[in-house]
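Have a look at the structure below, then the notes.
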Amino acid sequence: MPSRMGARAPAGFGRSFWELGLLLLLAFVLLQGSVFPYGADASSQHAKDGCSSTHEGKPNRTKKVFPVLSFEYDHIKTPFEVSLWVLFASLMKLGFHLVPRLSSIVPESCLLIVVGLLVGGLSKLIGESELPKLDSGNFFLVLLPPIILDAGYFLPIRPFMENLGTILMFAVVGTLWNAFFIGSVLFAVCQIPAAGLTHLGLLSCLLFGSIISAVDPVAVLAVFEEIHINELLHILVFGESLLNDAVTVVLYHLFEEFSAFGTVTVLDGFLGVISFLIVAFGGVLVGAIYGILAAFTSRFTSHMRVIEPLFVFVYSYIAYLSAELFHLSGIMALIACGAVMRPYVEANISHKSHTTIKYFLKMWSSVSETLIFILLGVATVGGPHNWNWIFVTSTVFLCLVARVIGVIGLTFIINKFRIVKLTTKDQFIVAYGGLRGAIAFSLGFLLEVEDEEMRHIFLTAIITVIFFTVFVQGMTIKPLVELLAVKKKQEAKRSINEEIHIQFLDHLLTGIEDICGHYGHHHWKDKMNRFNRKYVKKCLIAGERSKEPQLIAFYHKLEFKQAIQLVESGGGGKLSSALPSTVSIQNIQPKKPPPAPEPRERVLPQLPKSREEEIRKILRSNLQRTRQRVTLLSHEFMQMNNYLSVPVATSDSPNLRRARLASGNTDQQ
């Protein structure tokens with residue numbers, strides 16, 4: 001019977017039945033993830049006891065309808081937000097320079113802080129509970145190293161070394177003076193009952209003074225690169241901001257330790273001096289070791305040019321981390337690493353790698369600087385504050401007074417030993433350029449004190465000082481430089497002629513010092529150059545470049561720069577005719593003399609005033625004494641010769657006798 005009924009069924013009935021079954025099965029499969037738990041057995045599916053089932057101890061999961069599409073923001077939250085901040089900072093930096101009038105009046109750092117304030121304020125208005133903050137760990141380990149590496153790698157070594165004594169005086173003695181002066185006077189201010197801060201002790205005030213006393217390299221770079229100040233003032237202020245890191249680190253850790261225990265002994269002070277030497281020289285030693293390793297590694301990268309820039313970045317960052325590992329000066333380690341590796345690395349790597357290192361460091365440091373100032377503004381809105389009029393205004397006033405007194409007093413001592421004296425205008429710019437920045441802000445966040453109220457007061461005062469120095473001093477220093485007619489930086493291209501004259505003066509001054517018996521810095525500089533050429537270059541520079549004279553190396557560098565300029569300006573077709581070849585400088589007597597060039601007026605480089613004064617001083621003070629000693633010695637030898645010599649009796653000839661008689665008669669007449 002059923003068979004008959006099946007036989008009588010229409011032909012399309014079976015096909016539609018199976019299609020309907022497939023559709024139901026497909027719907028069941030699609031709805032299985034939302035109706036039944038994933039991985040549950042048949043018995044658990046029919047259980048209605050409300051208990052969630054587990055499979056092999058794993059939590060209950062629900063199968064997704066479309067497993068490919070999902071929304072998991074937590075998975076990419078951190079890198080996505082970092083990328084957005086970098087993009088936002090780059091757009092802000094680009095937008096500022098699209099308005100030339102705005103960027104010429106207001107420094108870029110001020111505008112970035114204002115953007116941070118606006119972002120923080122808008123986040124507060126929309127009810128954002130947690131604002132992004134300038135975390136001390138991220139600042140010291142991520143944002144600060146690129147800025148310092150860029151400054152250290154491209155540091156002008158010659159003016160830095162020539163003014164090293166002045167820089168150390170401002171960085172070490174000046175920072176110590178600022179810290180103790182600000183801390184001790186603030187302690188006296190806190191004892192006023194109206195201030196309501198009588199519970200602050202001397203060690204706590206000295207700890208705050210050590211934080212707020214140091215000049216910030218990030219703020220100095222941001223402002224001084226825009227006003228184009230002359231090289232001397234720029235290297236003095238920027239060098240001070242780099243080298244005072246060791247003093248700040250030591251003072252910060254010492255006073256933090258002393259304030260926790262509340263007692264200080266003479267031995268603690270002596271150990272503090274030893275700690276400063278260890279932190280400073282230890283950081284330099286660590287950086288120099290990694291710089292030498294980077295230079296040695298670059299000898300063997302001729303077959304793998306693509307990873308040459310990576311060694312520069314990685315060795316530098318490891319040097320910074322190694323110094324921070326032992327609480328040494330990471331900033332000084334980066335400066336030493338970049339300054340040591342650069343001359344040897346650039347002799348080994350290709351021109352493309354050199355360009356990559358240059359532009360990547362500039363880009364990296366620019367983005368880090370932008371993020372620091374924006375996050376500083378955001379943290380100002382979201383951070384805890386405790387405003388105390390007396391403490392905050394006293395801090396700003398004491399920072400200005402301590403800076404002015406320190407610069408004037410130290411310059412009075414320094415000018416007694418300098419050939420080129422620091423003028424009153426120079427002293428004003430050095431004092432006015434002592435800007436504070438994010439380093440002091442991050443150190444304030446690192447404070448571990450039991451009294452949270454004191455920490456909030458310190459942070460509020462630090463932010464106020466940063467805003468005052470960046471906005472007031474940063475915005476007014478450019479008009480003051482123009483008003484006082486301070487010498488600006490001259491963008492002059494060095495030539496072979498100038499390099500020859502510079503080397504000639506170096507050899508001349510070294511020879512004068514050797515003649516005078518005066519072992520000055522030219523003498524020791526010549527010794528180090530000889531040691532470098534004889535031993536170090538052979539180990540760290542590959543191939544024949546290690547034996548290349550300094551003048552030829554400079555010629556190659558100059559030739560490459562001119563080639564890049566011609567290519568960028570569209571004159572690549574004239575490259576072969578515009579640039580001399582390497583052979584032309586090595587040929588002393590060419591076969592065919594080149595045609596005489598057309599006479600043209602050319603301004604010859606003049607002797608720098610500092611060199612001229614230095615030569616005069618050495619000649620006046622040392623060569624004159626040497627000449628007097630030689631003259632006195634020659635006079636003594638002549639006297640001894642007169643005493644020891646015996647006159648020989650000679651027989652007079654008749655002609656000589658007649659001449660003597662004639663001369664005697666003439667005298668009598």
Side-chain angles (χ1 to χ4, degrees), residues 140-164 167 216-218 220-222 224-225 231 234-235 237-243 245 283-299 301 305 307-324 328-370 372 489 494 532 536-537 540-541 545 553-554 557 560-561 564:
F140 283 108
L141 298 180
V142 179
L143 297 177
L144 184 62
I147 301 174
I148 304 301
L149 177 59
D150 176 56
Y153 191 81
F154 298 104
L155 183 71
I157 298 297
R158 188 181 185 91
F160 181 81
M161 296 303 297
E162 289 178 351
N163 298 279
L164 183 60
I167 294 172
D216 189 79
V218 181
V220 170
L221 270 177
F224 271 63
E225 286 187 352
E231 192 176 40
H234 184 274
I235 201 65
V237 181
F238 180 60
E240 175 194 357
S241 66
L242 292 176
L243 299 188
D245 175 68
V284 172
L285 181 62
V286 169
I289 290 174
Y290 279 100
I292 293 173
L293 289 176
F296 184 75
T297 307
S298 65
R299 285 194 60 181
T301 58
R305 297 293 189 185
I307 61 174
E308 286 176 338
L310 186 64
F311 287 117
V312 174
F313 305 140
V314 173
Y315 273 115
S316 303
Y317 192 58
I318 293 178
Y320 180 82
L321 295 179
S322 301
E324 291 290 329
L328 302 176
S329 176
I331 291 180
M332 297 190 72
L334 269 181
I335 295 296
C337 183
V340 168
M341 75 164 69
R342 185 188 178 188
Y344 309 108
V345 167
E346 289 189 349
N348 292 325
I349 64 177
S350 64
H351 296 312
K352 291 183 179 179
S353 299
H354 170 70
T355 306
T356 303
I357 292 172
K358 177 182 177 181
Y359 286 101
F360 187 81
L361 278 181
K362 295 296 181 184
M363 177 202 68
W364 197 10
S365 63
S366 178
V367 171
S368 297
E369 177 186 318
T370 305
I372 285 173
K489 183 180 180 181
R494 293 179 62 183
N532 182 35
V536 181
K537 277 189 173 182
L540 301 183
I541 298 179
R545 298 288 303 267
F554 177 78
K557 185 183 299 185
F560 175 69
K561 287 182 179 179
I564 291 179

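For this chain, numbers begin at 1 and follow the sequence in order.
- A donor-acceptor distance shorter than 3.5 angstrom exists from the side chain of Thr301 to the backbone of Ser298, with no hydrogens or angles considered.
- Closest heavy-atom contact between Ile235 and Pro156: CD1-CG, 3.9 Å.
- Contact of the Ile349 side chain with the Val312 side chain is not registered, since no non-hydrogen atoms from C-beta on lie closer than 4.5 Å.
- Ser368 and Leu143 make their closest contact through CB-O, 3.2 Å (heavy atoms, listed as atom of the first residue, atom of the second, distance).
- Nearest heavy-atom pair, Gly291 versus Val340, reported as atom, atom and distance to 0.1 Å: C-CG1, 4.2 Å.
- With sequence neighbours excluded, the residues that form a side chain to side chain contact (heavy atoms under 4.5 Å, CB included) with Leu321 are Leu141, Tyr317.
- Looking at every heavy atom in both residues, Phe154 comes nearest to Lys358 through CZ-CA, 3.7 Å.
- In this structure, Ser366 OG and Asp150 CG are separated by 9.5 Å, a value rounded to the nearest 0.5 Å.
- Every residue meeting the ring-ring contact (aromatic ring centres under 6.0 Å, His included) condition with Phe360, not counting sequence neighbours, appears here in chain and number order: Phe313, Trp364.
- Taking each heavy atom of Val142 and Pro146 in turn, the nearest pair found is O-CD, 3.2 Å.
- Proximity of Ile331 to Leu144: side-chain heavy atoms (C-beta onward) are separated by under 4.5 Å at one or more points.
- Under the rule for a side chain to side chain contact (heavy atoms under 4.5 Å, CB included), the partners of Ala333 that lie at least two apart in sequence or sit in another chain are Ala323.
- Atom CD1 of Ile167 is separated from atom CZ of Phe160 by 5.0 Å, given to the nearest 0.5 angstrom.
- Applying the salt bridge (charged side-chain N to carboxylate O under 4.0 Å, His left out) test to Glu308 and every residue at least two apart in sequence or in another chain returns Arg305.
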Requested in this report: Go through the steps for Lys537 and Asn532 under the test side chain to side chain contact (heavy atoms under 4.5 Å, CB included), then give the verdict.
Outcome: CA-CA 6 Å; Lys537 277 189 173 182; Asn532 182 35; 3.9 Å; yes

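- Considering all non-hydrogen atoms of both residues, Ala336 and Val284 come closest at CB-O, 3.6 Å.
- The distance from atom CZ of Phe311 to atom CG of Asn348, rounded to the nearest 0.5 Å, is 12.0 Å.
- Between the CG atom in Leu155 and the CG atom in Leu334 there is a gap of 12.5 Å [rounded to 0.5 Å].
- The structure places OH of Tyr315 at 10.0 Å from CG of Leu310, a figure rounded to the nearest 0.5 Å.
- Here Phe296 pairs with Arg299, Phe300, Leu540 under the side chain to side chain contact (heavy atoms under 4.5 Å, CB included) rule; sequence neighbours left out.
- Rounding to the nearest 0.5 Å gives a distance of 7.5 Å between CD of Glu369 and CD of Glu225.
- Phe238 is linked by a ring-ring contact (aromatic ring centres under 6.0 Å, His included) to His234, counting only residues two or more places apart in sequence or in another chain.
- Side-chain contact between Ile148 and Tyr320: absent, with no pair of heavy atoms (C-beta onward) separated by less than 4.5 Å.
- Side chains of Val345 and Tyr153 form a contact here, defined as non-hydrogen atoms less than 4.5 Å apart.
- Looking at heavy atoms from C-beta onward, Met341 lies in side-chain contact with Ser316 at the 4.5 angstrom threshold.
- Using a 4.5 Å heavy-atom threshold, the side chains of Leu164 and Leu243 count as touching.
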